Number of protein chains: 2
Amino acid sequence: MIKDLINSIYRISDNSYGEIDKLFEYRCYEAGETFVNKNQFNDKEYFLLNGICKSFLINPGGDEITLSFFGEKTVLSPHTIRTKNQLSLICVKSLTKAEAVTLDANKFAELMVSNIEIRNFGNQVLRNELADKMEKEIGMASLTAKERLLNFRKKYPSLENVIPHTDIATYLGITNVSLSRLRKEAAR
Amino acid sequence: MIKDLINSIYRISDNSYGEIDKLFEYRCYEAGETFVNKNQFNDKEYFLLNGICKSFLINPGGDEITLSFFGEKTVLSPHTIRTKNQLSLICVKSLTKAEAVTLDANKFAELMVSNIEIRNFGNQVLRNELADKMEKEIGMASLTAKERLLNFRKKYPSLENVIPHTDIATYLGITNVSLSRLRKEAAR
DNA sequence: TTCACTTTTTATCATTTGTTAATGGATAAG
DNA sequence: CTTATCCATTAACAAATGATAAAAAGTGAA
């Protein structure tokens with residue numbers, strides 16, 4: 001199933017998969033566990049098998065601001081862009097019970113150098129990450145909160161009934177009270 | 001001066017610089033020239049020597065939404081994350097007369113594979129790009145428009161008096177009328 | 001079940017931002 | 001110098017969103 005996850009992003013041969021396969025370590029997280037902490041050492045890549053996670057930052061007021069959600073069978077933001085000097089730039093927590101495999105990020109980076117399929121896979125993950133951020137960026141700059149909510153529903157169907165609304169609200173750039181209001185309007 | 005630009009991001013040896021140096025082609029853009037177009041073929045990296053550029057997307061209403069600004073001696077968003085299948089995902093235009101050097105992106109990617117200094121430089125550009133987007137993301141999600149304007153001024157001092165306010169407004173996620181209002185308040 | 005706790009909704013009012021349109025200022029062409 | 005054009009500002013009103021607090025609904029443990 002990890003192979004399916006990878007192939008759904010960029011198709012690689014069984015040989016190439018074998019090279020990554022050796023690096024996997026299985027992990028299990030409880031709901032609400034923050035397993036990547038800002039400013040702490042981190043040298044892993046994460047492939048999420050099931051469950052839901054969010055990446056977030058703490059704003060000056062002390063609130064968690066959701067950056068992205070990660071559903072089952074997705075890759076968390078790549079190590080290169082998530083860390084500086086091996087220290088994490090963001091936090092990641094599980095919002096449900098979740099299972100994942102981790103890989104040593106340095107060894108994976110070496111594979112990206114030596115194996116073109118793995119490099120293409122890694123670069124595709126990077127591009128997806130950026131495309132995601134650009135999509136969100138233009139939404140924040142040109143759509144109303146209601147439109148952003150509707151986009152959120154398209155992009156993450158079913159998530160709305162599974163995770164705390166506060167996490168969704170900060171993702172949308174509004175308060176949870178406003179979200180409740182928009183939900184009511186959208187229901188009509 | 002191109003060497004200074006590179007070294008200001010990640011210090012590389014003269015040998016490594018020599019490898020990049022061969023790839024440069026000089027370009028000059030008039031103010032208002034869109035030299036990267038969405039959905040069009042693109043295989044270049046861009047190092048901006050002087051002038052100011054913006055990356056942008058067109059929203060459903062037909063407006064240009066500014067994604068980022070690029071000042072003198074900076075690197076435009078790397079080709080990997082800016083294109084898919086060699087087709088550009090965004091537009092880039094010069095807001096002033098500008099000079100740049102371009103490089104063949106595929107040849108640069110090869111250098112990133114064979115030369116660790118160039119790879120580190122390229123990855124640093126990637127990280128900076130993402131850090132930038134995350135900073136903006138959290139600002140859009142947790143700051144008021146006025147605070148975002150003040151942040152913009154810190155980040156791009158002097159830009160406010162050089163480029164059209166509409167470009168700044170869409171960057172901040174507000175209308176140009178609102179920007180004018182905030183400018184007046186902030187002046188007090 | 002009941003109780004304690006958290007989350008979501010609702011209501012009220014204040015503030016921010018958008019929309020539209022008119023005004024003024026700058027700039028460039030004739 | 002005039003005219004035309006573009007851009008920024010201002011004004012008035014509408015709409016969206018925030019802040020606060022109270023009520024309702026859900027959740028989990030004893």
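First the proteins, then the strands, lettered A, B, ... as listed; each starts at 1. Keep in mind that what you see is a predicted model, and the values were worked out from it rather than measured.
- In this structure, Arg148(B) atom CZ and dT17(D) atom P are separated by 13 Å, rounded to whole Å.
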Using atom names, set out every protein N or O paired with an N or O of nucleotides 24-30 of chain D below 3.5 Å, distance rounded to 0.1 Å.
none

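- Both tests do not hold together for Lys93(B) against Phe35(B): distance to the six-membered ring centre under 6.0 Å, angle to the ring axis within 45°.
- There is a side-chain donor-acceptor pair under 3.5 Å between Asn128(B) and Gln124(B).
- Rounded to whole angstrom, the span from the CG atom of Asn161(A) across to the C1' atom of dT7(C) amounts to 14 Å.
- Considering only the side chain of Val177(A), dA21(D) comes nearest among dG18(D), dA21(D), dT17(C).
- One can place NZ of Lys184(A) at 15 Å from P of dA16(D), the figure rounded to the nearest angstrom.
- Of the residues in residues 165-176 of chain B, those with a non-hydrogen atom less than 4.0 angstrom from any atom of DNA chain C are Gly173(B), Ile174(B), Thr175(B).
- Regarding Leu182(A), its CG atom lies at a distance of 13 Å from the P atom of dT10(C), rounded to whole Å.
- Separating the CZ atom of Arg181(A) from the P atom of dT15(C) is a distance of 16 Å, rounded to the nearest angstrom.
- Comparing atom distances between the Ser180(A) side chain and each of dT10(D), dT9(C), dT17(D) picks out dT9(C) as nearest.
- Other residues, nucleotides and ligands place no more than 12 heavy atoms under 6.0 Å from the NZ atom of Lys84(A).
- Between Arg183(B) atom CZ and dT16(C) atom P there is a gap of 19 Å when expressed in whole angstrom units.
- In this structure, Lys146(A) atom NZ and dT17(C) atom C1' are separated by 16 Å, rounded to whole Å.
- With rounding to whole Å, Asp63(A) atom CG is found 12 Å from dG18(D) atom P.
- Taking the ring axis of Tyr17(B) as reference, the NZ or CZ atom of Lys3(B) stays within 45° of it and closer than 6.0 Å to the ring centre.
- The line from NZ of Lys38(B) to CZ of Arg82(B) is 14.0 Å long, rounded to the nearest 0.5 Å.
- Note on Lys133(A) versus Glu135(A): no salt bridge recorded, every NZ/NE/NH1/NH2 to OD/OE distance being 4.0 Å or above.
- Salt-bridge check for Glu137(A) with Lys136(B): passed, with a basic side-chain N closer than 4.0 Å to an acidic carboxylate O.
- Annotation: cation-pi geometry not satisfied between Lys54(B) and Phe70(B) (NZ/CZ under 6.0 angstrom from ring centroid, within 45° of ring axis).
- The aromatic rings of Phe69(B) and Tyr156(B) stand perpendicular to each other, their planes meeting at an angle above 60°, with 30° marking the opposite boundary.
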